[in-house]
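Every heavy atom of this structure was used, including side-chain atoms; hydrogens, water molecules and symmetry mates were not.
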Amino acid sequence: MKFGIRQVGVVCSAIATCLLTVSCSSGKVSQCANMIQVINRTVIDTKTNTESGTTLNVEIVEKLVNVFDKAAKDMNSVNLSDDKLKTYKSQFSSMYQGGAEINKQLIVSLKERKSTKVHEGLRKSSKIFSPERDLATGLTQYCQIPEK
């Protein structure tokens with residue numbers, strides 16, 4: 001079958017339109033997927049490291065510092081163009097960075113065997129991660145809204 005220049009132009013225009021539609025509509029979807037991948041990996045790594053011991057010890061907390069440092073770095077490296085996703089990214093990144101810092105302080109308290117500071121560190125850690133569920137729910141709901 002032979003195509004004339006006009007038919008080739010029409011086919012090329014149709015393909016270009018399809019590609020633009022797919023790439024534009026998948027922008028938010030792929031950005032959401034990249035963020036959710038970092039979050040899920042962080043949750044899994046956190047659970048894996050905390051289930052390995054039944055008591056709070058320096059080794060476990062050091063592993064958590066590494067998990068949260070990596071999570072903050074990975075979250076910061078996610079490229080986003082959507083302003084709402086940028087806000088979520090900032091909130092998750094701050095939470096992970098704060099969690100790493102608090103756990104570094106907790107290590108010092110554990111090594112010095114200062115139970116009051118250990119309890120304070122655990123309270124701070126719990127507080128910094130308290131918005132995690134709401135952030136994850138908000139992000140998931142936002143990601144389910146179709147792009148315009």
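In terms of modelled atom types and a separation under 3.5 Å, the side chain of Gln31 and the main chain of Ser81 share a donor-acceptor contact. Under a 3.5 Å cut-off, the side chain of Lys89 and the backbone N or O of Val78 do form a donor-acceptor pair. Judged by distance alone, with hydrogens and angles left aside, the side-chain atoms of Ser90 form no donor-acceptor pair with the main-chain N or O of Lys86 at under 3.5 Å. No side-chain donor-acceptor contact under 3.5 Å links Gln37 to the backbone of Ala33.
At a threshold of 4.5 Å between side-chain heavy atoms, the hydrophobic network of Ile, Leu, Val, Met, Phe, Trp and Tyr places Val38 and Ile44 in two separate groups.
Counting heavy atoms from C-beta outward, Val65 and Asp69 have side chains that approach closer than 4.5 Å. Residues Glu101 and Gln97 are not in side-chain contact: their nearest non-hydrogen atoms beyond the backbone lie 4.5 Å or more apart. Inter-residue side-chain proximity for Met75 and Thr42 is flagged as unmet; no heavy-atom pair is nearer than 4.5 Å.
Of all heavy-atom pairs between Leu106 and Val118, the closest is CD1-O, 3.6 Å. In this structure, Phe68 and Thr46 approach most closely via the heavy-atom pair CE2-OG1, 3.6 Å. Of all heavy-atom pairs between Ala72 and Ser93, the closest is O-OG, 3.9 Å. Across all non-hydrogen atoms, the minimal contact from Met35 to Leu80 is SD-CD1, 3.8 Å.
Rounding to the nearest 0.5 Å gives a distance of 8.5 Å between OG of Ser94 and CG of Asn76. Taken from CG in Asn103 to CG in Asn66, the straight-line distance is 10.5 Å, to the nearest 0.5 Å. To the nearest 0.5 Å, the span separating OH on Tyr88 from CG on Asp83 amounts to 13.0 Å. To the nearest 0.5 Å, atom NZ of residue Lys114 and atom NE2 of residue His119 are 14.5 Å apart.
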Ignoring hydrogens and angles, write down the donor-acceptor pairs under 3.5 Å from the side chains of residues 121-146, residues two or more places apart or on other chains.
from	atom 1	to	atom 2	distance (Å)
Lys124	NZ	Glu120	OE2	3.3
Ser130	OG	Lys127	O	2.7
Thr137	OG1	Arg133	O	2.9
Thr140	OG1	Ala136	O	2.8
Tyr142	OH	Asp82	OD1	2.9
Tyr142	OH	Asp82	OD2	2.7

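Within the structure, the disulfide (SG to SG under 2.5 Å) test picks out no pair touching residues 67-109 (sequence neighbours left out).
Residues satisfying the side chain to side chain contact (heavy atoms under 4.5 Å, CB included) test with Val108, not counting sequence neighbours, are Glu112.
A salt bridge is absent between Asp45 and Lys70: the closest approach of a Lys/Arg side-chain nitrogen to an acidic carboxylate oxygen does not fall below 4.0 angstrom.
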